[in-house]
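First listed ligand is number 1; within each ligand, the first listed atom is number 1. No experiment lies behind these values; they were computed from the predicted model shown. FYI, the numbering just counts along the sequence from 1.
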Amino acid sequence: MMNADLHCHSTVSDGAFAPAEVARRAQAGGVTLWALTDHDEIGGQVEAREAAEALGMQYLSGVEISVTWASRTIHIVGLHVDPACQALVEGLERTRNGRAARAEAIGEQLEAFGIPDAYEGALKFVSNPDMISRTHFARFMVENGYAENTQDVFNRFLGDGKPCCVAHRWSKLADAVKWIQLAGGEAVIAHPGRYAYTQTQFDALFGEFIDLGGKAIEVVTGSHTPDQYREYADVARRFGFEASRGSDFHAAGEGRVELGSLPPLPSDLKPVWERWL
Ligand code: AMP
Ligand code: MN
Ligand code: MN
Ligand code: MN
């Protein structure tokens, strides 16, 4: 049976392992169809594909784009994107711009909460200086005893709406979907269960996404609870979305699930990956 894991991260964004090591762990976890989906970056795609193919996994090129919609951050996964597509490369570059200044502002916020030198500390966890993220701050804070684990950091300091989360304007939904389409891929709404929208806003988001040509949402993801697998399976049925599945793996023991270990999609849903097999 196909074990698809189409959402995870490497050191190219906020994951703890290099793309080839993530590939090795995916294969060890039983994954047969894999996509590395770093935040706003496709610099790991060549290494990921080569490693996947050497290990006998099928591979889809991927990315997870940061988008601002109705004043909140959402993530759009692009699958089967050509990493050489100029529109995508330039769009991602513009999306990453501003991360450095935002990170300095996060450092200042943390300082005001009695946590000094966090910007410098977070940088020590960054391998790609363009891609400093809240996760790197979280790792710094855990290592220095300010929190039990990274989830604790997000709950108390850095999660959306928490005191040290610096608001940021990311890309527009229409642009992110367009770059993915120009690169020959399909856009997927990542972990919809994480967004604090009202029912009306969700309906508007899904409607706008469909109008832009979006066809799929994540249903079974490490960023959903089992209740949310059921809730978003129903959303997929109601809106006619295809479904995706992915661990959202970042580091060993950091998230809820390991690579390849999620339950399968409900059997009546159409997997987004079938079109490419
Ligand atoms: P950034 O792109 O800098 O805003 O960081 C976003 C990353 O932080 C996400 O991809 C997750 O890895 C992590 N993250 C954000 N919110 C949470 C949360 N509430 N719980 C755990 N991790 C989170
Ligand atoms: Mn992340
Ligand atoms: Mn995400
Ligand atoms: Mn992710």
For residues Val219 and Arg245, determine if any side-chain heavy atom of one lies less than 4.5 Å from a side-chain heavy atom of the other.
-> no
Could you say whether the N/O atoms of Arg134 and ligand 1 ever approach to under 3.5 Å?
-> yes
Any N or O on His75 sitting closer than 3.5 Å to an N or O of ligand 1?
-> no
Any idea which part of Asp14 is under 4.0 Å from ligand 1, heavy-atom wise: side chain, backbone, both or neither?
-> side chain
Per-atom contacts of ligand 1 with Arg99, taking only distances under 4.0 Å to non-hydrogen atoms | 1 (P), 2 (O), 3 (O)
Output the list of atoms in ligand 1 that are nearer than 4.0 Å to some heavy atom of Gln151, sorted by atom number.
-> 20 (N), 21 (C)
Could you name the option among Phe154, Phe137, Trp170 that has the heavy atom nearest to atom 19 (N) of ligand 1?
-> Phe154
Shortest heavy-atom approach to atom 4 (O) of ligand 1 - which of His168, His39, His9, Arg102 = Arg102
Please confirm if an N, O or S atom belonging to Glu64, backbone or side chain, lies less than 2.8 Å from the Mn ion (ligand 3).
-> yes
Give a yes or no on whether His7 keeps an N, O or S atom under 2.8 Å from the Mn ion (ligand 3).
-> no
Output field for angle at the Mn ion (ligand 3), His75.ND1 vs His191.NE2, rounded to 10°, should show 110°
Touching ligand 1 at all, Ser133? Heavy atoms, strictly under 4.0 Å?
-> yes
Short N-O contact, Lys124 and Glu120, less than 4.0 angstrom | no
Which residue holds the protein heavy atom closest to atom 11 (C) of ligand 1, what is that atom called, and what is the gap in Å?
-> Thr135 OG1, 4.0 Å
With salt bridge (charged side-chain N to carboxylate O under 4.0 Å, His left out) as the test, would you mind laying out the steps for Glu143 and Arg139 before giving the verdict?
-> CA-CA 6 Å; Glu143 183 137 307; Arg139 294 198 183 118; over 6 Å; no
